[in-house]
2 protein chains.
Amino acid sequence: MTNLPAHHSNDVDDCAFRSFLDRVADKWSLLLIVTLENAPKQRRRFSELKKSVPGISQRMLTTTLRNLERDGLLVRHFFPEIPPRVEYELTTLGKNLMCPIGELVQWIRQNWTTITNARNEFDKNNMAKSTGVKEC
Amino acid sequence: MTNLPAHHSNDVDDCAFRSFLDRVADKWSLLLIVTLENAPKQRRRFSELKKSVPGISQRMLTTTLRNLERDGLLVRHFFPEIPPRVEYELTTLGKNLMCPIGELVQWIRQNWTTITNARNEFDKNNMAKSTGVKEC
DNA sequence: CTGTATCCGTCCCGATACTG
DNA sequence: CAGTATCGGGACGGATACAG
């Protein structure tokens, strides 16, 4: 079912693939896509997104939104009012991407306790060997 | 079946979730998981992995493998021979994670031309405005 | 072969100030 | 409200040397 095309090699050396992987395999990108998908009207304003994704800075929010727009995953609706209003909305492509992303998120939510246990177990056996993972 | 728990909020503020997202949403982690899944015998040696994932440094390979091991996604088989031999293999949990990952990879392979076109179109309309994306 | 240790440049990203 | 501009600390990650 998940068979890859016949020409696919075992090595992961496709440049375009890796280029887009950099976009998709990005924490803020994923969180924003999920947040936009969950939006009531499928749209969210800049400030709403900032609230909905705790910890993201204004700079990162702007940058990530621009990159997602560049990749055709979302559209920016600009209303020249005063004060100005901007609404972000996933494109068809972006909503489409939500299928695999959603399954990934689902998987994480279902398995994170298992992983947390694995981490604790591992750390117990490798005491004081930092792995660079921040505690919350 | 895929219903989320009732307490699930629209905001993405779950710490454990984000912690593991940092692991999964990592370029090298994803590439290594895919590579291990594609491995003939489901196992690969350190040097094989280094060849199969072009561009990864020895340091990043070691670090990423350790983190994946810590999260219980792969096991490290150490053979105390001379010279030493080490084989890496996905755990059940790791293979399980390949389902959503595989779909994501599949999606990227199917849609990257669309995205490339979107990028070119966007860049045409926003000339000289760098987006921090490296060319290949 | 499979790492570990160290150095060090790059750039990510948060904080702050300012604009339309 | 929704950004842009700028600065700076710190983490990321490559290169190299060395160890078991």
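The model shown is predicted, which means the values in this text are computed figures rather than measured ones. Letters A, B, ... mirror the listed sequences (proteins, then strands); counts begin at 1. The analysis underlying the following values was restricted to heavy atoms, covering all of them including side chains, and did not include hydrogens, waters or symmetry mates.
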Euclidean distance, atom CG of residue B:N67 to atom C1' of D:dG13 [Å, nearest integer]: 14 Å
Worked verdict on A:L104 versus B:L97 for side chain to side chain contact (heavy atoms under 4.5 Å, CB included): CA-CA 8 Å; A:L104 185 60; B:L97 175 56; 3.9 Å; yes
N/O (side chain, B:R45) to phosphate O (OP1/OP2, C:dC1) under 4.0 Å: no
Rounded distance in Å - CG (B:N126) to P (D:dG3): 13 Å
side-chain N/O A:S47 vs D:dA2 OP1/OP2, d < 4.0 Å: yes
Integer-rounded Å distance: D:dG13 P and A:D22 CG: 10 Å
Short N-O contact, A:E48 and A:K51, less than 4.0 angstrom: no
Between CG on residue A:N111 and CG on residue B:N96, distance to nearest 0.5 Å: 6.0 Å
Flag for B:S52-B:R44: side-chain donor and acceptor within less than 3.5 Å: yes
Minimum heavy-atom distance between B:D71 and B:L93, given as atom pair plus value: O-CD2, 3.9 Å
A:M60 CE - C:dC12 C1' separation (whole Å): 7 Å
If you restrict it to nitrogen or oxygen atoms, what contacts under 3.5 Å exist between nucleotides 4-10 of chain D and the protein, and what is each distance?
residue	atom	partner	partner atom	Å
D:dT4	O4	A:Q58	OE1	3.3
D:dT6	O4	A:R59	NH1	3.4

Integer-rounded Å distance: D:dG13 P and B:I56 CD1: 10 Å
Touch class at under 4.0 angstrom, heavy-atom based, for A:Y88 against every strand present: sugar-phosphate
Nearest-nucleotide pick for A:S57, side chain only, options being C:dG14, D:dA2, D:dG14: C:dG14
Spacing of A:R23 atom CZ and A:D26 atom CG [to the nearest 0.5 Å]: 7.0 Å
Interatomic distance, A:F78 CZ vs D:dG3 P [rounded to whole Å]: 8 Å
Value rounded to 0.5 Å, distance of CG in B:L36 from CG in B:L65: 7.5 Å
Integer-rounded Å distance: D:dC1 C1' and A:H77 NE2: 18 Å
Value in whole Å for how far the P atom of C:dG14 lies from CG of A:L61: 11 Å
Most 5' of A:P84 and A:W28 on DNA chain C, judged by nearest nucleotide: A:W28
